[in-house]
Novice: 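Structure in C-alpha coordinates, see below.
Counting starts at 1 for both ligands and their atoms, following the listed order.
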Amino acid sequence: MTQVSNRLWLVAGLTCVGTLLVAACQDPEVVVVEITAAERGAQLAADPALSKAPQNHVACLDCHAEAPGDAALYLPGAPLAGATLRPSFWGGQESTLLRSINHCLNYFMAADAPWEGDEEDAVAIYAYLESLEQGADASAAPLTVGAIVDPGSGDAGAGADVYERACASCHGAKSSGAGRLVPSAPTLPEETLSAHPEPDYDDFDRRLVFVEKVRHGGFLGYGGTMPLYSVEVLSDEALADLLTYFGVPEP
Ligand code: HEC
Ligand code: HEC
(Lines give C-alpha, C1' and ligand atoms only; values in the text may rest on other atoms or scores of the structure.)
(Ligands and ions follow the chains in the order given, each with its own letter.)
Protein backbone atom coordinates (compact mmCIF):
# COMPACT_ATOMS: atom_id res chain seq x y z
CA MET A 1 0.00 0.00 0.00
CA THR A 2 1.10 3.57 -0.52
CA GLN A 3 2.55 5.04 2.61
CA VAL A 4 0.92 8.43 3.03
CA SER A 5 0.42 9.14 6.68
CA ASN A 6 0.46 12.92 6.92
CA ARG A 7 -2.02 13.65 4.21
CA LEU A 8 -4.88 15.83 5.35
CA TRP A 9 -8.43 14.75 5.00
CA LEU A 10 -11.32 17.09 4.60
CA VAL A 11 -14.45 15.46 5.90
CA ALA A 12 -16.87 18.33 5.65
CA GLY A 13 -17.33 21.54 3.74
CA LEU A 14 -15.43 20.41 0.69
CA THR A 15 -16.98 23.19 -1.37
CA CYS A 16 -15.94 25.90 1.07
CA VAL A 17 -12.37 24.89 1.81
CA GLY A 18 -9.83 27.39 3.11
CA THR A 19 -10.20 30.48 5.25
CA LEU A 20 -10.35 32.92 2.33
CA LEU A 21 -13.23 31.07 0.83
CA VAL A 22 -15.20 30.71 4.04
CA ALA A 23 -16.51 34.28 3.80
CA ALA A 24 -17.73 33.57 0.29
CA CYS A 25 -19.44 30.42 1.38
CA GLN A 26 -23.16 31.08 1.73
CA ASP A 27 -23.84 28.35 4.27
CA PRO A 28 -22.91 29.49 7.79
CA GLU A 29 -23.37 25.90 9.07
CA VAL A 30 -20.45 24.56 7.10
CA VAL A 31 -17.42 23.82 9.24
CA VAL A 32 -14.16 22.63 7.73
CA VAL A 33 -12.69 19.78 9.74
CA GLU A 34 -9.21 18.65 8.89
CA ILE A 35 -8.04 15.29 10.15
CA THR A 36 -5.03 13.19 9.32
CA ALA A 37 -5.21 10.08 7.20
CA ALA A 38 -4.54 8.03 10.35
CA GLU A 39 -7.49 9.64 12.12
CA ARG A 40 -9.67 9.02 9.08
CA GLY A 41 -8.47 5.41 9.08
CA ALA A 42 -9.44 5.02 12.74
CA GLN A 43 -12.96 6.20 11.87
CA LEU A 44 -13.17 3.78 8.95
CA ALA A 45 -11.92 0.88 11.06
CA ALA A 46 -14.92 1.34 13.33
CA ASP A 47 -17.41 1.80 10.50
CA PRO A 48 -19.27 -1.10 8.82
CA ALA A 49 -19.97 1.25 5.86
CA LEU A 50 -16.32 0.79 4.86
CA SER A 51 -17.73 -2.16 2.92
CA LYS A 52 -20.34 -0.89 0.52
CA ALA A 53 -22.23 -4.19 0.69
CA PRO A 54 -25.70 -3.57 2.19
CA GLN A 55 -25.65 -6.97 3.91
CA ASN A 56 -22.51 -6.10 5.88
CA HIS A 57 -22.95 -5.05 9.51
CA VAL A 58 -19.45 -5.44 10.92
CA ALA A 59 -16.38 -3.21 11.09
CA CYS A 60 -12.68 -4.06 11.41
CA LEU A 61 -12.77 -3.21 15.11
CA ASP A 62 -15.66 -5.62 15.76
CA CYS A 63 -13.18 -8.45 15.16
CA HIS A 64 -9.76 -6.93 15.92
CA ALA A 65 -8.50 -5.14 19.03
CA GLU A 66 -6.10 -2.26 18.45
CA ALA A 67 -3.54 -3.67 20.89
CA PRO A 68 -3.18 -7.04 22.64
CA GLY A 69 -4.95 -7.11 25.96
CA ASP A 70 -7.17 -4.19 24.91
CA ALA A 71 -10.25 -6.23 24.58
CA ALA A 72 -12.26 -7.81 27.32
CA LEU A 73 -13.75 -9.70 24.38
CA TYR A 74 -12.61 -12.84 22.57
CA LEU A 75 -11.99 -11.25 19.19
CA PRO A 76 -11.21 -13.63 16.31
CA GLY A 77 -8.73 -11.38 14.45
CA ALA A 78 -5.19 -10.62 15.64
CA PRO A 79 -4.55 -7.22 17.26
CA LEU A 80 -3.98 -4.52 14.64
CA ALA A 81 -0.98 -2.90 16.35
CA GLY A 82 2.14 -4.33 14.70
CA ALA A 83 0.31 -5.64 11.62
CA THR A 84 2.39 -3.33 9.40
CA LEU A 85 5.59 -4.91 10.80
CA ARG A 86 4.69 -8.60 10.62
CA PRO A 87 6.55 -10.92 8.22
CA SER A 88 3.45 -13.00 7.46
CA PHE A 89 -0.25 -13.14 8.17
CA TRP A 90 -3.17 -15.52 8.51
CA GLY A 91 -1.07 -18.12 10.32
CA GLY A 92 1.68 -17.95 7.68
CA GLN A 93 -0.68 -18.51 4.75
CA GLU A 94 -0.53 -14.93 3.53
CA SER A 95 2.52 -12.80 2.87
CA THR A 96 1.14 -9.34 2.14
CA LEU A 97 -0.76 -6.99 4.39
CA LEU A 98 -2.96 -5.78 1.56
CA ARG A 99 -4.13 -9.27 0.66
CA SER A 100 -4.65 -10.09 4.36
CA ILE A 101 -7.04 -7.16 4.65
CA ASN A 102 -8.71 -8.03 1.36
CA HIS A 103 -9.54 -11.48 2.77
CA CYS A 104 -11.45 -9.78 5.60
CA LEU A 105 -13.21 -7.40 3.22
CA ASN A 106 -14.16 -10.30 0.97
CA TYR A 107 -15.03 -13.11 3.39
CA PHE A 108 -16.35 -11.21 6.40
CA MET A 109 -17.57 -7.86 5.05
CA ALA A 110 -18.98 -9.01 1.68
CA ALA A 111 -17.10 -6.26 -0.21
CA ASP A 112 -17.50 -6.67 -3.96
CA ALA A 113 -13.95 -5.87 -5.03
CA PRO A 114 -10.52 -6.16 -3.42
CA TRP A 115 -8.46 -3.03 -2.73
CA GLU A 116 -5.54 -2.27 -5.03
CA GLY A 117 -3.95 -0.26 -2.22
CA ASP A 118 -4.18 3.28 -3.60
CA GLU A 119 -7.87 3.89 -2.83
CA GLU A 120 -8.48 6.67 -0.29
CA ASP A 121 -9.95 4.16 2.19
CA ALA A 122 -6.99 1.81 1.79
CA VAL A 123 -4.47 4.64 2.25
CA ALA A 124 -6.30 5.84 5.37
CA ILE A 125 -6.48 2.34 6.89
CA TYR A 126 -2.79 1.86 6.19
CA ALA A 127 -1.94 5.20 7.85
CA TYR A 128 -4.04 4.15 10.84
CA LEU A 129 -2.26 0.79 11.12
CA GLU A 130 1.09 2.56 10.82
CA SER A 131 0.09 4.93 13.64
CA LEU A 132 -0.22 1.89 15.94
CA GLU A 133 3.35 0.68 15.27
CA GLN A 134 5.13 2.22 18.23
CA GLY A 135 6.06 -0.41 20.81
CA ALA A 136 4.07 -3.06 18.96
CA ASP A 137 5.10 -6.69 18.64
CA ALA A 138 6.48 -7.25 15.13
CA SER A 139 6.29 -11.04 15.16
CA ALA A 140 3.69 -13.01 13.24
CA ALA A 141 0.48 -13.64 15.14
CA PRO A 142 -0.22 -17.33 15.79
CA LEU A 143 -3.26 -18.96 14.20
CA THR A 144 -3.86 -22.60 14.93
CA VAL A 145 -7.03 -23.98 13.41
CA GLY A 146 -8.66 -26.18 16.04
CA ALA A 147 -9.54 -29.82 15.41
CA ILE A 148 -13.18 -30.70 14.84
CA VAL A 149 -13.58 -32.90 17.89
CA ASP A 150 -16.07 -32.90 20.74
CA PRO A 151 -14.40 -30.87 23.50
CA GLY A 152 -16.37 -32.73 26.20
CA SER A 153 -18.32 -31.20 29.05
CA GLY A 154 -17.45 -27.93 30.72
CA ASP A 155 -18.80 -25.35 33.10
CA ALA A 156 -22.08 -23.63 32.21
CA GLY A 157 -21.30 -20.45 34.18
CA ALA A 158 -17.97 -20.05 32.44
CA GLY A 159 -19.74 -20.77 29.15
CA ALA A 160 -22.15 -17.88 29.73
CA ASP A 161 -19.14 -15.60 30.06
CA VAL A 162 -17.57 -17.01 26.88
CA TYR A 163 -20.83 -16.44 25.04
CA GLU A 164 -21.04 -12.81 26.16
CA ARG A 165 -17.46 -12.09 25.22
CA ALA A 166 -17.25 -14.04 21.95
CA CYS A 167 -20.63 -14.57 20.33
CA ALA A 168 -23.29 -12.21 21.71
CA SER A 169 -22.16 -9.17 19.70
CA CYS A 170 -23.26 -10.74 16.41
CA HIS A 171 -25.77 -13.36 17.58
CA GLY A 172 -27.50 -11.33 20.32
CA ALA A 173 -28.75 -12.82 23.57
CA LYS A 174 -28.83 -16.62 23.89
CA SER A 175 -32.17 -18.18 22.95
CA SER A 176 -33.72 -14.88 21.78
CA GLY A 177 -31.15 -13.13 19.61
CA ALA A 178 -32.09 -9.82 21.24
CA GLY A 179 -29.66 -7.05 20.36
CA ARG A 180 -27.91 -8.96 17.59
CA LEU A 181 -25.66 -6.93 15.31
CA VAL A 182 -25.88 -9.26 12.32
CA PRO A 183 -29.44 -10.05 11.17
CA SER A 184 -28.33 -13.25 9.39
CA ALA A 185 -26.71 -14.68 12.55
CA PRO A 186 -29.03 -17.40 13.92
CA THR A 187 -30.40 -17.50 17.46
CA LEU A 188 -28.13 -19.80 19.42
CA PRO A 189 -28.44 -22.59 20.14
CA GLU A 190 -32.09 -23.16 19.10
CA GLU A 191 -31.93 -22.24 15.41
CA THR A 192 -28.81 -24.29 14.85
CA LEU A 193 -30.31 -27.29 16.66
CA SER A 194 -33.54 -27.08 14.66
CA ALA A 195 -31.60 -26.73 11.41
CA HIS A 196 -29.88 -30.03 12.32
CA PRO A 197 -32.80 -32.17 13.55
CA GLU A 198 -32.75 -35.63 14.99
CA PRO A 199 -32.68 -38.36 13.71
CA ASP A 200 -30.90 -36.95 10.62
CA TYR A 201 -28.23 -35.72 13.02
CA ASP A 202 -27.36 -37.62 16.19
CA ASP A 203 -26.07 -35.99 19.39
CA PHE A 204 -22.50 -36.44 18.24
CA ASP A 205 -23.10 -34.70 14.89
CA ARG A 206 -25.01 -31.86 16.48
CA ARG A 207 -22.18 -30.99 18.84
CA LEU A 208 -19.74 -31.04 15.95
CA VAL A 209 -21.87 -28.55 13.99
CA PHE A 210 -21.13 -25.97 16.68
CA VAL A 211 -17.47 -26.93 16.91
CA GLU A 212 -17.00 -26.81 13.16
CA LYS A 213 -18.66 -23.43 12.74
CA VAL A 214 -16.56 -21.88 15.52
CA ARG A 215 -13.30 -23.45 14.33
CA HIS A 216 -13.76 -22.90 10.58
CA GLY A 217 -16.14 -19.93 10.35
CA GLY A 218 -17.12 -19.68 6.70
CA PHE A 219 -14.00 -21.51 5.53
CA LEU A 220 -13.36 -25.07 4.38
CA GLY A 221 -16.65 -25.34 2.58
CA TYR A 222 -18.91 -23.99 5.29
CA GLY A 223 -19.81 -20.69 3.62
CA GLY A 224 -21.23 -17.54 5.17
CA THR A 225 -19.52 -14.54 6.71
CA MET A 226 -18.74 -15.71 10.26
CA PRO A 227 -15.06 -15.50 11.25
CA LEU A 228 -13.11 -18.52 12.49
CA TYR A 229 -11.85 -18.77 16.08
CA SER A 230 -8.34 -20.17 16.46
CA VAL A 231 -7.23 -22.24 19.44
CA GLU A 232 -5.23 -19.20 20.62
CA VAL A 233 -8.37 -17.05 20.73
CA LEU A 234 -10.78 -19.65 22.09
CA SER A 235 -9.43 -22.73 23.82
CA ASP A 236 -11.05 -26.18 23.61
CA GLU A 237 -11.90 -25.72 27.28
CA ALA A 238 -13.79 -22.49 26.51
CA LEU A 239 -15.60 -24.32 23.71
CA ALA A 240 -16.58 -27.11 26.11
CA ASP A 241 -17.93 -24.49 28.55
CA LEU A 242 -19.89 -22.87 25.72
CA LEU A 243 -21.53 -26.15 24.59
CA THR A 244 -22.47 -26.96 28.19
CA TYR A 245 -24.00 -23.48 28.57
CA PHE A 246 -25.96 -24.08 25.35
CA GLY A 247 -27.15 -27.41 26.73
CA VAL A 248 -26.23 -29.31 23.57
CA PRO A 249 -26.63 -32.94 24.75
CA GLU A 250 -23.57 -35.16 24.86
CA PRO A 251 -23.72 -38.56 23.17
C1 HEC B 1 -15.77 -10.63 11.09
C2 HEC B 1 -14.46 -10.44 11.69
C3 HEC B 1 -13.43 -9.63 10.95
C4 HEC B 1 -13.57 -8.40 10.34
C5 HEC B 1 -14.81 -7.56 10.21
C6 HEC B 1 -12.25 -8.03 9.89
N7 HEC B 1 -11.35 -9.01 10.20
FE8 HEC B 1 -9.39 -8.97 9.79
N9 HEC B 1 -9.23 -10.91 10.41
C10 HEC B 1 -10.23 -11.65 11.00
C11 HEC B 1 -9.76 -13.00 11.21
C12 HEC B 1 -10.55 -14.13 11.86
C13 HEC B 1 -8.44 -13.04 10.72
C14 HEC B 1 -7.52 -14.28 10.70
C15 HEC B 1 -6.83 -14.42 12.02
C16 HEC B 1 -5.64 -13.53 12.06
O17 HEC B 1 -4.60 -13.87 11.50
O18 HEC B 1 -5.77 -12.41 12.62
C19 HEC B 1 -8.13 -11.71 10.25
C20 HEC B 1 -6.90 -11.31 9.75
C21 HEC B 1 -6.54 -9.99 9.52
C22 HEC B 1 -5.20 -9.51 9.32
C23 HEC B 1 -3.95 -10.39 9.38
C24 HEC B 1 -3.48 -10.41 10.82
C25 HEC B 1 -2.32 -11.33 11.05
O26 HEC B 1 -1.34 -10.89 11.64
O27 HEC B 1 -2.42 -12.52 10.69
C28 HEC B 1 -5.24 -8.16 9.17
C29 HEC B 1 -4.08 -7.21 8.98
C30 HEC B 1 -6.63 -7.78 9.25
N31 HEC B 1 -7.38 -8.92 9.47
C32 HEC B 1 -7.11 -6.49 9.16
C33 HEC B 1 -8.47 -6.19 9.05
C34 HEC B 1 -8.98 -4.89 8.66
C35 HEC B 1 -8.13 -3.67 8.37
C36 HEC B 1 -10.33 -4.99 8.65
C37 HEC B 1 -11.33 -3.97 8.22
C38 HEC B 1 -11.21 -3.54 6.84
C39 HEC B 1 -10.66 -6.35 9.07
N40 HEC B 1 -9.51 -7.04 9.28
C41 HEC B 1 -11.96 -6.84 9.23
C42 HEC B 1 -11.48 -11.19 11.31
C43 HEC B 1 -12.03 -10.01 10.84
C1 HEC C 1 -18.77 -11.35 13.45
C2 HEC C 1 -20.10 -11.91 13.71
C3 HEC C 1 -20.18 -13.26 14.38
C4 HEC C 1 -19.58 -13.67 15.56
C5 HEC C 1 -18.70 -12.87 16.47
C6 HEC C 1 -20.03 -15.03 15.77
N7 HEC C 1 -20.85 -15.44 14.75
FE8 HEC C 1 -21.73 -17.26 14.54
N9 HEC C 1 -22.58 -16.69 12.81
C10 HEC C 1 -22.48 -15.43 12.26
C11 HEC C 1 -23.26 -15.40 11.02
C12 HEC C 1 -23.39 -14.20 10.10
C13 HEC C 1 -23.82 -16.68 10.87
C14 HEC C 1 -24.72 -17.17 9.73
C15 HEC C 1 -23.90 -18.03 8.78
C16 HEC C 1 -22.72 -17.27 8.28
O17 HEC C 1 -22.92 -16.20 7.70
O18 HEC C 1 -21.58 -17.73 8.45
C19 HEC C 1 -23.37 -17.46 12.00
C20 HEC C 1 -23.73 -18.78 12.19
C21 HEC C 1 -23.41 -19.52 13.32
C22 HEC C 1 -23.85 -20.87 13.57
C23 HEC C 1 -24.77 -21.69 12.70
C24 HEC C 1 -24.10 -22.81 11.96
C25 HEC C 1 -25.13 -23.65 11.24
O26 HEC C 1 -24.75 -24.31 10.29
O27 HEC C 1 -26.30 -23.66 11.61
C28 HEC C 1 -23.31 -21.24 14.76
C29 HEC C 1 -23.47 -22.58 15.48
C30 HEC C 1 -22.55 -20.12 15.26
N31 HEC C 1 -22.62 -19.09 14.36
C32 HEC C 1 -21.90 -20.10 16.46
C33 HEC C 1 -21.16 -19.03 16.95
C34 HEC C 1 -20.50 -19.04 18.23
C35 HEC C 1 -20.54 -20.19 19.20
C36 HEC C 1 -19.86 -17.84 18.34
C37 HEC C 1 -18.96 -17.38 19.45
C38 HEC C 1 -17.85 -18.24 19.77
C39 HEC C 1 -20.14 -17.08 17.13
N40 HEC C 1 -20.94 -17.83 16.32
C41 HEC C 1 -19.66 -15.81 16.86
C42 HEC C 1 -21.76 -14.37 12.75
C43 HEC C 1 -20.98 -14.38 13.89
Novice: Heavy atoms only, cut-off 4.0 Å: how does L50 contact ligand 1, side chain, backbone, both, or neither?
Specialist: side chain
Novice: How far is atom 14 (C) of ligand 2 from the closest protein heavy atom, and which atom is that?
Specialist: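 So the nearest neighbour among protein heavy atoms is S184 O, 3.5 Å.
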Novice: Considering heavy atoms of the protein only, find what lies nearest to atom 36 (C) of ligand 2 and give residue, atom and distance to 0.1 Å.
Specialist: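 In this structure, atom 36 (C) of ligand 2 has C167 SG, 2.8 Å as its nearest protein heavy atom.
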Novice: Hey, is P189 one of the residues with a heavy atom under 4.0 angstrom from ligand 2?
Specialist: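 Flag not set, P189 not near ligand 2.
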Novice: Please confirm whether D62 approaches ligand 1 to less than 4.0 Å, judged on its heavy atoms.
Specialist: no
Novice: How close does the nearest protein non-hydrogen atom get to atom 22 (C) of ligand 2, and which residue and atom is it?
Specialist: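 Checking every protein heavy atom, the shortest distance to atom 22 (C) of ligand 2 gives K213 CG, 3.6 Å.
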Novice: How far is atom 29 (C) of ligand 1 from the closest protein heavy atom, and which atom is that?
Specialist: L97 CD1, 3.5 Å
Novice: Counting non-hydrogen protein atoms only, what is the nearest one to atom 27 (O) of ligand 2? Give residue, atom name and distance.
Specialist: H196 CE1, 3.4 Å
Novice: Provide, to 0.1 Å, the distance between atom 25 (C) of ligand 2 and the closest protein heavy atom, together with that atom's residue and name.
Specialist: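 Of every protein heavy atom, Y222 OH, 3.3 Å lies nearest to atom 25 (C) of ligand 2.
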Novice: Tell me the protein N, O or S atoms under 2.8 Å from atom 8 (Fe) of ligand 1, in chain and number order.
Specialist: H64 NE2, C104 SG
Novice: Within the structure, is a non-hydrogen atom of S230 found at a distance of less than 4.0 Å from ligand 1?
Specialist: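 It does not; every heavy atom stays at 4.0 Å or beyond.
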Novice: As a check for students: among L143, T225, L98, identify the option with a heavy atom nearest to atom 15 (C) of ligand 1.
Specialist: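 Selected option, by shortest heavy-atom distance: L143.
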Novice: Do me a favour and list the nearest non-hydrogen protein atom to atom 32 (C) of ligand 2 with residue, atom name and distance?
Specialist: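 Atom 32 (C) of ligand 2 sits closest to the protein heavy atom L188 CD1, 3.5 Å.
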Novice: Looking at atom 8 (Fe) of ligand 2, is there an N, O or S atom belonging to H171 that lies under 2.8 Å away from it?
Specialist: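 Yes, within the cut-off.
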Novice: What residue and heavy atom of the protein are closest to atom 13 (C) of ligand 2, and at what distance?
Specialist: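 Atom 13 (C) of ligand 2 sits closest to the protein heavy atom P186 CD, 3.7 Å.
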Novice: What part of Y74, side chain from CB on, backbone N/CA/C/O, both or neither, has a heavy atom under 4.0 Å from ligand 2?
Specialist: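 Neither part.
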Novice: Students should be able to answer this: which protein heavy-atom is nearest to atom 2 (C) of ligand 2, and at what distance?
Specialist: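 Heavy-atom neighbour on the protein nearest atom 2 (C) of ligand 2: C170 SG, 1.9 Å.
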Novice: Have a look at ligand 2 and work out which part of L181, if any, has a heavy atom under 4.0 Å from it: side chain, backbone, both or neither.
Specialist: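 The answer is neither.
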Novice: Should the proximity of E191 to ligand 2, defined as any heavy atom under 4.0 Å, be assigned to the side chain, the backbone, both, or neither?
Specialist: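 None of E191 does.
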